Amino acid sequence: MQTPPPTAAARLRAARPDWLTDPKVWRTEVLAGLVVALALIPEAISFSVIAGVPPKIGLFASFTMAVTIAIVGGRRAMISAATGAVALVIGPLNREHGFGYLVAAVILAGVFQIVLGALGVAKLIRYVPRSVMVGFVNALAILVFMAQVPEMTDVPWPVYPLIAAGLALMVFFPKVTTVVPAPLVSITVLTVVTVAAGLAVPTVGDKGGLPSSLPVPGLPDVPFTPHTLAVVAPYALAMALVGLMESLMTARLVDDITDTRSDKTRESVGQGVANIVTGFFGGMGGCAMIGQTMINVKVSGARTRLSTFLAGAFLMVLCIVFGPVVSRIPMAALVAVMVMVCFATFDWHSVAPKTLRRMPAGEIAVMVITVALVVATSNLAVGVVAGSITAMVIFAKRVAHRADLTAVTDPDGGQVTYSVTGELFFASSNDLVARFDYAGDPDRVVIDLSRAHIWDASSVAALDAVEARYAQRGKSVEITGLNRPSAEIHRSLSGELAGH
């Protein structure tokens, strides 16, 4: 019997997000958003200090980035807010030219990100090797931990047992129940203990004043002249590239954790839209946050856009409505949450002795270079780019050695056939030129490429050079066995690459 088509009501129910139809999902998303909002407050304030702006600027940016990206972003459950990488890029602009120029740079960076996203820059993420991705994750865990170290040095002694208690709660509470996220329980319990016992420990309020009202939209206070554009554009482009790099890498990480796919082009454009909105509301801009994203996805189990939206919404509610209460949260509680995030984020399997013994030396080198540069510069983009370039060089060197050449001379001595095996590109074809016996070979030379593939102009130029050297000695060369792609590139470029 044929199944009847679904009714309009059934289609409407199927189109609804999970959090509207499943109370369990709704509860998970709401509580995850609350935990992330609490963790965002001290981070946003710290990044404001790096950028040289008042704390409320970073909090406004985190609010507008999270709420906007929840709607227009391409990766569900990923958290975008004010970040240290963006603060490092645009901080000098604020110090040298003023806050108006910073806001203008944020808006222009958003425009750049939309353009780059439309041009398909997100597709470049597929060229990031796994060893770079592992190094990115491990470096990020190290950076997040290092950011907590100042909160654990030169502090009153009760901070240490509070951190230990927070970690213990997050480890053992899920064994009792997972209805309420362990980080939220930890933050609540430690806050109650601190207030009830009257412990004199650093609190969220010590980081800076919280905003008392919502941000108001407006234009940046700068002269709209070519000179302003010339000043702002380099910072905006740097911010756009760093923000996209971190966001796309984080999106790929969440893809792996959740075993789902995301629209990287939409995410790129969404980051641009979010930064434009943030700029018009006087925020400092931002991008995806790996630490808070891990809290949301890996620790709290969130999977939908609702948690991202609520993280931003709760952030403003906590600051404006519950500011006095939030100000009394001990930093030790948030440090414990972030330390747990570091432990969960770090890929411990990648550094296990058994793994290192089996891993090729080149892969280990790429991972180490990525980690070292990210940690040294505090810039994820630098490490990822350097690691990717290193991986490409190692790969090219490895593949270049696979190109081989064997020669067989006919019994009558009138012809020699060279069989080329492997991939011919710039790294392998240049060495190939020197392996022919131009003086000793007979007058007829055949180069058999049936077991090879031509990839670039360098290979065509190398074959032209071989033919030219034989021609100088009055010998003829015939190239045979080209597959279709190789034949096309050879036919279009051969004889056109000689130097002038």
Side-chain angles (χ1 to χ4, degrees), residues 40 43-44 47-48 50-51 53 57-58 60-75 78-94 101-125 128 136 139-140 143 232-254 262-281 283-293 308 312 374 377-385 388:
L40 276 173
E43 295 274 311
F47 299 146
S48 298
I50 294 173
V53 298
I57 302 301
F60 285 159
S62 296
F63 162 61
T64 53
M65 286 292 299
V67 169
T68 306
I69 206 68
I71 300 170
V72 301
R75 173 63 260 177
M78 190 167 76
I79 305 298
S80 290
T83 60
V86 168
L88 287 170
V89 171
I90 61 177
L93 177 63
N94 178 60
Y101 283 82
L102 181 148
V103 173
V106 171
I107 296 172
L108 185 57
V111 174
F112 283 149
Q113 288 177 329
I114 291 175
V115 172
L116 290 170
L119 292 175
V121 71
K123 295 178 182 178
L124 295 177
I125 198 69
V128 177
F136 164 81
L140 207 44
L143 282 181
V232 166
Y235 292 94
L237 181 59
M239 174 184 163
L241 294 173
V242 169
L244 282 182
M245 177 74 73
E246 293 206 28
S247 299
L248 293 175
M249 291 291 287
T250 304
R252 179 173 164 182
L253 177 61
V254 177
S262 59
D263 188 338
K264 304 300 189 301
T265 297
R266 178 177 173 179
E267 182 61 36
S268 301
V269 174
Q271 288 291 329
V273 173
N275 273 306
I276 290 174
V277 172
T278 297
F280 280 121
F281 276 91
M284 56 180 279
C287 61
M289 294 190 76
I290 183 68
Q292 276 65 22
T293 298
T308 305
V374 170
T377 63
S378 297
N379 190 326
L380 295 168
V382 171
V384 170
V385 171
S388 298

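Worth saying up front: this structure is predicted, and the values here are computed from it rather than measured. All heavy atoms count here, side chains included; hydrogens, waters and symmetry mates do not. Numbering of residues begins at 1 and proceeds along the displayed sequence.
Partners of S80 by side chain to side chain donor-acceptor pair (under 3.5 Å), not counting sequence neighbours, listed by chain and number: Q271. V53 meets the side chain to side chain contact (heavy atoms under 4.5 Å, CB included) test with S48, A51, I57, N94, F99, L102, M284; sequence neighbours excluded. By the side chain to side chain contact (heavy atoms under 4.5 Å, CB included) test, F60 is found to be paired with K56, P211, P215, M316, residues two or more places apart in sequence or in another chain being considered. For L124, the side chain to side chain contact (heavy atoms under 4.5 Å, CB included) partners two or more places apart in sequence, or in a different chain, are V121, Y127. Residues passing the side chain to side chain contact (heavy atoms under 4.5 Å, CB included) test with P234, sequence neighbours excluded: none. By the side chain to side chain donor-acceptor pair (under 3.5 Å) test, S262 is found to be paired with D255, K264, residues two or more places apart in sequence or in another chain being considered. Listed by chain and residue number, nothing satisfies the side chain to side chain donor-acceptor pair (under 3.5 Å) test with Q292 (two or more places apart in sequence, or in another chain). Partners of Y101 under the ring-ring contact (aromatic ring centres under 6.0 Å, His included) rule, at least two apart in sequence or in another chain, are H97. E246 pairs by the side chain to side chain donor-acceptor pair (under 3.5 Å) definition with nothing, not counting sequence neighbours.
For the pair L248 and S268, the tightest heavy-atom approach, listed with the atom from each and the gap, is CD2-OG, 3.6 Å. The shortest non-hydrogen separation linking L93 to A105 is CD2-CB, 3.5 Å. Residue V89 comes nearest to A238 through the heavy atom pair CG1-CB, 3.8 Å, listed as atom of the first residue, atom of the second, then distance. Scanning both residues, A82 and G58, for their nearest heavy atoms gives CB-O, 3.7 Å. A pairwise comparison of heavy atoms in A240 and Q113 identifies O-NE2, 3.3 Å as the closest pair. The two residues P92 and Y235 come nearest to each other via the heavy atoms CB-CE2, 4.2 Å.
Summarising the geometry, atom CE belonging to M249 is positioned 9.0 Å from atom CD1 belonging to I290; distances are rounded to the nearest 0.5 Å. M289 contributes atom CE, which lies 6.5 Å from atom OG1 of T83 (distance to the nearest 0.5 angstrom).
Contact of the L241 side chain with the L116 side chain is registered, since non-hydrogen atoms from C-beta on lie closer than 4.5 Å. Inter-residue side-chain proximity for L253 and T293 is flagged as unmet; no heavy-atom pair is nearer than 4.5 Å. Contact annotation: the side chain of V374 never approaches that of F136 to less than 4.5 Å [non-hydrogen atoms, C-beta and beyond].
Proximity of a side-chain donor or acceptor of N275 to a complementary backbone N or O of G286 within less than 3.5 Å is detected. The closest donor-acceptor contact from the side chain of T265 to the backbone of A122 lies at 3.5 Å or more, if one exists at all. In this structure a side-chain-to-backbone donor-acceptor pair under 3.5 Å is present from T308 to M78.
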Sequence neighbours left out, cut at 3.5 Å: what donor-acceptor pairs do the side chains of residues 65-73 make with other protein atoms?
residue : atom : partner : partner atom : Å
T68     : OG1  : T64     : O            : 2.7

